[in-house]
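Following: one structure in structure tokens, then a few remarks.
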There are 2 protein chains.
Amino acid sequence: MDLRRLRYFVAVAEARSIGKAAERLRMAQPPLSVQIRKLEAEIGAPLFRRGTRGMDLTEAGQALLARASEALALAADGAEAARAVAAGKRGRLSVGYMFVLANAMLPRLIPELRRSIPGVDLDFAELSASTREARLLDRSVTVALCMPAINHPEIQVARIGTQPFMLVVPSRSPLARLSKVPMARLQGRPLIALPPPERDPASSAVSALLRRHQVVMPIAGRVETVHSAMSLVLAGEGFAILPACAQLGAPRGIVFRPLRDASDSIDIAVCWRRDSQSPLIKTFLKCAEKAVARL
Amino acid sequence: MDLRRLRYFVAVAEARSIGKAAERLRMAQPPLSVQIRKLEAEIGAPLFRRGTRGMDLTEAGQALLARASEALALAADGAEAARAVAAGKRGRLSVGYMFVLANAMLPRLIPELRRSIPGVDLDFAELSASTREARLLDRSVTVALCMPAINHPEIQVARIGTQPFMLVVPSRSPLARLSKVPMARLQGRPLIALPPPERDPASSAVSALLRRHQVVMPIAGRVETVHSAMSLVLAGEGFAILPACAQLGAPRGIVFRPLRDASDSIDIAVCWRRDSQSPLIKTFLKCAEKAVARL
DNA sequence: CCAACCCATACATTTTCGGTATGCCAATGG
DNA sequence: CCATTGGCATACCGAAAATGTATGGGTTGG
């Protein structure tokens, strides 16, 4: 059963004549006649009544016509859909992001994406650093927003911005009075830390910052989320060092202060599989850059 | 866009491997590889990711797969449906019948048909003699139940039974007393007639009956339907001569009496277009014969 | 480093398709 | 009644496409 035969069949059924259909199909009449007869042989029953003034569908032909035209439409639509997906005009874009970036970026990023790729289903998931990496690798996520970038041979990275590290203190703390906090003032103070470097590379950036300024802060608590870290700071358990954008999610009673002599910052990056051929990635990248520009 | 290509594509997508799919398709691996690449060229985008351990659908491929398998199923179903219709296992049987036969035949005929051809849609229409003929000719009716048979070169006829003519009288009429009415007693009495022979050949059968017995009955009224004829008889306007089976629809106050010396009868026939290739006709014929046998 | 696995390419063979020429049949018109 | 016309079917040939066999090349795993 060949799709071309069905196309010919539908044409003849609509034209009610082999000659007319052949004209519309830009072919000679005899081969079309042959194809129709082959189709009838394949079905095992006549599909047309041959009259002296053209062809007329039999009931078997009518039964076939309904399905055949639908099948033709489906096949054409399938090809079109595949092309649209490949061109990035339709499909699904699955984005893994991290909590700290949510408040800062998503309100700008999502509307931007909807304008740029209206036919694409968006799917946002807040994921931990290790999960983002795993799901990029198994392709269940198309792109990830990371801070800092993922370092993996299969994963490609585009840096779209940076965030300075800031000290997070309770507003009633004496440190809150300073507009800029000298690094030396942190010496020996308790630190509320995020998951260790194996699970969250942001932690190693913080460690590096402290090491570079030869400041030692004992770890007073490890938490999974930025939100928990701020809660512990608010409770007076210690201080945290977080990217500036975390401010947007900070509760009342918490203030962010720049570190005077440390200009250390952390990269915001878009990450995706090096072999991903999704054309949506470059669009996503543009949108993410716009969203970061306003930070 | 060829159905074979789509079939191959679906096979490869399901087997997640060209080699495995080729095995299932009973063909060599290289031509299948070529076909898949041709399909990708036709779509203009890769449909599979080639891994070292097989093939994996891209998103464009997934978009195509859904439609392609549906299109394949539709094409197969179309062929199957056409075969089923040609074999008389599915389709539509449109029956034109006449009012006088409705009470006598349909209660037996319809259940019989439903048992014999359960997949077929039945469509019964009560039609006048001339309409039955016209709609047989334009194929909007597949078969017709007629009394008497239609006489037309394009129409084939099978006689399935006969009905004796009977005299229809009001039960209070003196003629109702007789168990058999001699033809001579009808001389000069008013006749309630059905439409003239051009529109209803049953009328010419009645005329022939009277002529053969040299009886003259003035026409006291022409009506369109048997029902109207009986109403006029009940009203005392005259007498009617109808096939025996009309009794089943007779109102109270009307009786049917055999004609003593007239053994005249009228054929019940099944009629269809000589060139109709519907396999349902022979089944219909069998069912109609059964239904008539019990009259 | 070799063997196994899997896909891609090359080439020869066969099938199928489409075009041209022509025949057949029925309806139409003088 | 014969000629013409319109429409489909058949025959044959050249071209395109599909399939099979042989082989290359890359990656994985022992």
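Lettering of chains follows the sequences in order, A, B, ..., and the numbering in each one begins at 1.
Between A:E59 and B:R83 there is no salt bridge, since no side-chain nitrogen of the basic residue lies less than 4.0 Å from a carboxylate oxygen of the acidic one. The pair A:E14-A:R24 meets the salt-bridge criterion, since a charged nitrogen lies less than 4.0 angstrom from a carboxylate oxygen. Remark: B:R139 engages B:D275 in a salt bridge, criterion side-chain N to carboxylate O under 4.0 Å. A salt bridge links B:D123 with B:R92: the closest approach of a Lys/Arg side-chain nitrogen to an acidic carboxylate oxygen falls below 4.0 angstrom. The pair A:D2-B:R4 fails the salt-bridge criterion, with no side-chain N (NZ, NE, NH1 or NH2) lying under 4.0 Å from an Asp/Glu carboxylate O. Ion pairing between a basic and an acidic side chain is recognised when a charged N comes within 4.0 Å of a carboxylate O; B:E126 and B:R135 show no such pairing. The pair B:R5-B:E42 meets the salt-bridge criterion, with a side-chain N (NZ, NE, NH1 or NH2) lying under 4.0 Å from an Asp/Glu carboxylate O.
One atom, CG of A:D2, and another, P of C:dC17, lie 7 Å apart when rounded to the nearest Å. As a whole-Å value, the separation of B:R50 CZ from C:dC6 C1' is 12 Å. Between B:I36 atom CD1 and C:dA8 atom P the separation is 9 Å, expressed in whole Å. Rounding to whole angstrom units, CG of residue B:L39 and P of C:dA8 are separated by 13 Å. Rounded to whole Å, atom P of C:dT16 lies 11 Å from atom CD of A:Q35. The CG-C1' distance, from A:L25 to C:dC17, rounds to 14 Å in whole Å.
Close approach of DNA chain D to chain B, defined as any atom under 4.0 Å from a non-hydrogen atom of the protein, starts and stops at D:dA18 to D:dG29.
Annotation: proximity of residues 9-23 of chain B to DNA chain D (heavy atom, distance under 4.0 Å) is found for no residue.
Atom CZ of B:R274 sits in a crowded spot, with more than 12 heavy atoms from other residues, nucleotides or ligands closer than 6.0 Å.
Using a 4.0 Å heavy-atom cutoff across all strands shown, B:F48 reaches no nucleic acid atom at all. Within 4.0 Å (heavy atoms only), A:G51 reaches no atom of the nucleic acid at all.
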Report task. Between protein and nucleotides 19-27 of chain C, map the contacts as a letter string: B base, S sugar-phosphate only, - none, heavy atoms under 4.0 Å, written 5' to 3'. Result -> BBB-----S
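In this structure A:R199 satisfies the salt bridge (charged side-chain N to carboxylate O under 4.0 Å, His left out) test together with A:E224, sequence neighbours excluded.
Rounded to 10°, the helix from C:dC1-D:dG30 to C:dG30-D:dC1 has 20° between the axis fitted to its first five pairs and the one fitted to its last five.
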Requested in this report: Apply the test side-chain hydrogen bond (donor to acceptor under 3.5 Å, both in side chains) to residues B:S207 and B:S204: give CA-CA distance (whole Å), side-chain angles for both, the deciding distance (0.1 Å), then the verdict.
Outcome: CA-CA 5 Å; B:S207 307; B:S204 58; over 6 Å; no
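Residues A:A269 and A:A149 approach most closely at CB-CB, 3.6 Å, considering heavy atoms.
Each ring pair (Phe, Tyr, Trp, His ring centres under 6.0 Å) pair with one or both residues in residues 29-55 of chain A, not counting sequence neighbours, appears once here: A:F9-A:F48.
At least one donor-acceptor pair closer than 3.5 Å links the side chain of B:S116 to the backbone N or O of B:E112.
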